[in-house]
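Written below as structure tokens is the structure these notes are about.
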Amino acid sequence: MKIPIDKPILVTSALPYVNGECHIGHLRTYVPADIYVRMLRKMGYDAIFISGSDTHGTPIVLSAEAQGITPEEVVEKYHEHFKRIFKDLNVDFDYYGQTDSESNHRRTEEIVKELIENGYVYKKGTKQAFCNTCGRFLPDRYVEGECPHCGAMARGDECDQGCGKHLEPGEIIEPRCKICGSEADFKEQEQFFFKLSSFADFLITYLDKLGGTRNAKNYAKEWVRKELMDWCITRNLEWGVKFPGRDDLVVYVWVDAPIGYISFTEELIEKEEEWRKYWTEDKATIVHFIGTDIIYHHCIFWPAMLKGAGYSLPDAVVASGMVKIDGKTFSKSRGDVVWAAEFLERFHPDTLRYYLVAQSSHTKELDFSWDSFSTRMNNELVAILGNLVHRVVSFAYKNFGVVPEGDIEDEVLGKIEEIREEVVKAVEEYEFKKLVDSAMGLADFGNGFFQREEPWHLIKKGEKERERCGEIVKNVLQIIKAVCVLLEPVMPSKMAEVWQQLGMESDVHSAKLDEITVPIASGQALKKPKKLFERVEV
RNA sequence: GCCGGGGUGGCCUAGUUGGUUAGGGCGCCAGACUCAUAAUCUGGAGGUCGCGGGUCCGAACCCCGCCCCCGGCACCA
């Protein structure tokens with residue numbers, strides 16, 4: 001999507017549900033979002049980057065009970081954990097909040113009231129499973145019993161082990177509480193519903209012009225085609241945002257979670273007239289980065305809610321594919337999981353950032369394996385990029401000490417320009433693999449150029465050859481400078497190291513894309529080079 | 001069953017309006033170079049583009065039929 005340059009951009013990254021630790025599946029969304037924002041800034045856009053922890057819902061309540069602590073304590077623990085991981089990984093949010101904040105409570109209540117006032121919410125009696133032993137209502141996922149269709153063991157909402165049919169509340173035979181195992185029964189309960197069905201026409205036109213990745217659009221359109229059902233937006237829980245006027249009900253977590261995008265913007269910007277530009281006045285471009293598992297909520301439910309309450313709508317939804325481990329679906333019990341913290345104990349964060357985008361195109365499934373990780377590290381980061389920097393800076397440092405004199409050749413400038421265009425196109429298409437592949441292609445070109453010109457021969461000859469040698473070195477340093485700016489969004493701290501080796505005084509993080517064709521200054525002192533990446537054996 | 005995404009040399013993969021000998025990477029083989037982390041560079045072998053029909057001067061790309069893999073199918077977060 002071509003993004004209008006004259007408006008600010010708000011980029012959000014899906015809110016992690018904080019009842020467990022961060023694994024690389026999460027990172028597949030946050031890292032590309034961070035890369036996207038960094039690249040937008042290099043391209044001259046005014047971007048803000050927001051996310052936060054999703055804190056409500058039944059699983060956190062249960063998790064707290066299991067650990068003998070309060071939901072607040074569970075949230076606090078993992079909220080800090082995620083913040084720490086993001087910091088370590090250089091995922092640099094302008095604001096990272098959490099949905100139990102006062103402002104999110106307030107904003108959620110306000111939006112729900114708007115929806116009520118606008119006639120999009122109604123009351124309806126439903127059958128709700130209740131466990132007498134636990135003394136609470138149970139979401140259908142936490143009920144088990146016998147499937148009325150095939151007799152197999154089933155969950156309250158779906159016959160997950162038998163015929164696979166969807167079950168309506170109360171349909172299941174001999175319901176039991178999955179938490180304590182005792183008998184559960186269904187009680188008539190009054191809940192509130194959101195008239196999602198009345199947004200079908202709106203959504204059809206909205207989805208047509210929604211930007212982002214095709215997987216998100218297609219998936220959402222299919223739902224609308226199938227006919228939308230109204231959404232039950234309340235739950236019998238203590239933990240959460242109270243439904244206006246009802247002390248016994250909280251809103252469903254998928255109501256207050258995305259509203260976090262708005263309240264975090266408020267918390268960041270503070271001034272009402274400023275944040276409203278983003279969320280009620282259509283004066284900004286809103287881009288959501290999510291995983292394919294929550295397309296429904298972001299492309300159907302969320303825009304309908306915003307529309308119903310009179311807020312601005314997202315302009316693009318970018319959905320990343322799921323992550324597998326050695327071809328298998330994530331599973332904590334089977335050990336098919338790679339924890340972010342464990343990974344970071346062993347390897348530099350930039351290597352993970354690189355791998356996550358280089359391994360597979362954004363919307364496709366990413367199959368993680370230690371084998372493919374080490375292959376990429378050794379063949380790409382060490383052999384192509386690390387080696388280019390090391391061989392050239394070493395050679396230049398030893399023989400010149402500074403950036404030598406000389407002109408940048410047309411061939412080199414042309415190549416840099418060509419790669420820059422590829423990178424910009426990749427960003428607009430959310431193709432982060434293409435972005436790194438293109439930038440690495442420039443490093444490749446640098447190696448070829450250096451090899452072809454054989455400056456190590458020239459340096460041993462006369463003064464004239466030494467001049468030519470300097471010119472070649474300067475050209476390759478220029479290539480490295482360009483690679484550095486182009487890859488800073490992917491590997492911010494490693495590229496800062498390279499930037500320093502080149503003797504640049506400015507900050508590579510704020511360097512703009514335009515700078516890549518600006519000749520590197522002759523005479524600027526080079527630093528003694530250090531290896532960028534170490535080979536990995538796993 | 002319905003929908004979406006795929007099926008391209010040993011492995012991964014590009015190829016969104018059909019057009020010269022189907023690109024790239026890994027791996028493999030041969031050579032070059034020695035500035036560099038045995039890194040780099042050059043060249044090479046290897047493909048019925050899932051199967052069968054069709055349209056066309058021409059199809060991996062369009063149409064029809066079929067097979068296989070993955071994911072989704074709602075109140076779970």
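Values below: every heavy atom of this structure, side chains too, minus hydrogens, waters and symmetry copies. Every chain is numbered from 1, with letters handed out A, B, ... down the list of sequences.
Between A/Lys398 and B/A36, a side-chain N or O to OP1/OP2 separation shorter than 4.0 Å is present. Neither OP1 nor OP2 of B/A77 sits under 4.0 Å from any side-chain N or O of A/Asn19. Residue A/Arg535 places at least one side-chain N or O closer than 4.0 Å to OP1 or OP2 of B/A39. The shortest distance between the side-chain N/O atoms of A/Tyr252 and the OP1/OP2 oxygens of B/A77 is below 4.0 Å. For the OP1/OP2 pair of B/C35 and a distance below 4.0 Å, the side-chain nitrogens and oxygens of A/Asn387 include no atom meeting the criterion. Residue A/Lys364 has no polar side-chain atom (N or O) positioned under 4.0 Å from OP1 or OP2 of B/G4.
For a distance-only test at 3.5 Å, the side chain of A/Trp223 fails to qualify as a donor-acceptor partner of the base of B/A74. For A/His390 and B/A39, a side-chain-to-base donor-acceptor distance below 3.5 Å is absent, hydrogens and geometry of angles not being considered.
Comparing B/U8 with B/G15, their P atoms sit 14 Å apart, to the nearest whole Å. Atom name P, nucleotides B/G52 and B/C67: the rounded distance is 15 Å, in whole Å. Comparing the same atom, P, in B/C41 and in B/C51 gives a spacing of 35 Å after rounding to whole Å. A gap of 32 Å separates the P atoms of B/C49 and B/G72, to the nearest Å.
Distance CG (A/Leu228) to C1' (B/C73): 13 Å, rounded to an integer number of Å. Rounded to an integer number of Å, the gap from CG of A/Leu385 to P of B/U40 is 12 Å. Protein atom CD1 of A/Ile300 is 13 Å distant from nucleotide atom C1' of B/C73, rounded to whole Å. When rounded to the nearest whole Å, the span between NZ of A/Lys217 and C1' of B/C3 equals 17 Å. A/Leu207 has its CG atom 19 Å from the P atom of B/C3, to the nearest Å.
In this structure, A/Lys460 reaches the sugar-phosphate backbone alone: every heavy-atom distance under 4.0 Å involves primed, P, OP1 or OP2 atoms, never a base. Here A/Asn378 lies out of heavy-atom contact (under 4.0 Å) with every strand.
The aromatic ring of A/Phe395 does not sit over the base of B/C35; the criterion of centres under 5.5 Å apart with planes under 30° is not met.
Across A/Leu15, A/Asn19, A/Asp100, a single residue satisfies side chain to side chain contact (heavy atoms under 4.5 Å, CB included) together with A/Thr55, and that is A/Asp100. Screening A/Tyr122, A/Tyr252, A/Phe199 for a ring-ring contact (aromatic ring centres under 6.0 Å, His included) involving A/Phe194 leaves a single residue, A/Phe199.
Looking at which nucleotide of RNA chain B each of A/Glu534 and A/Tyr219 is closest to, the 5′-most match is held by A/Glu534. For the pair A/Trp456 and A/Lys434, both in contact range of RNA chain B, the more 5′-proximal nearest nucleotide belongs to A/Lys434.
The aromatic ring centres of A/His288 and A/His297 sit 6.0 Å or more apart. Taking the six-membered ring for Trp and the full ring otherwise, A/Tyr120 and A/Trp231 have centroids separated by 6.0 Å or more.
Under the 30°/60° scheme for interplanar angles, the aromatic rings of A/Trp370 and A/Phe373 are found to stand perpendicular.
Ion pairing of A/Lys425 with A/Glu428 is absent here, as no side-chain N (NZ or NE/NH1/NH2) approaches a carboxylate O to less than 4.0 Å.
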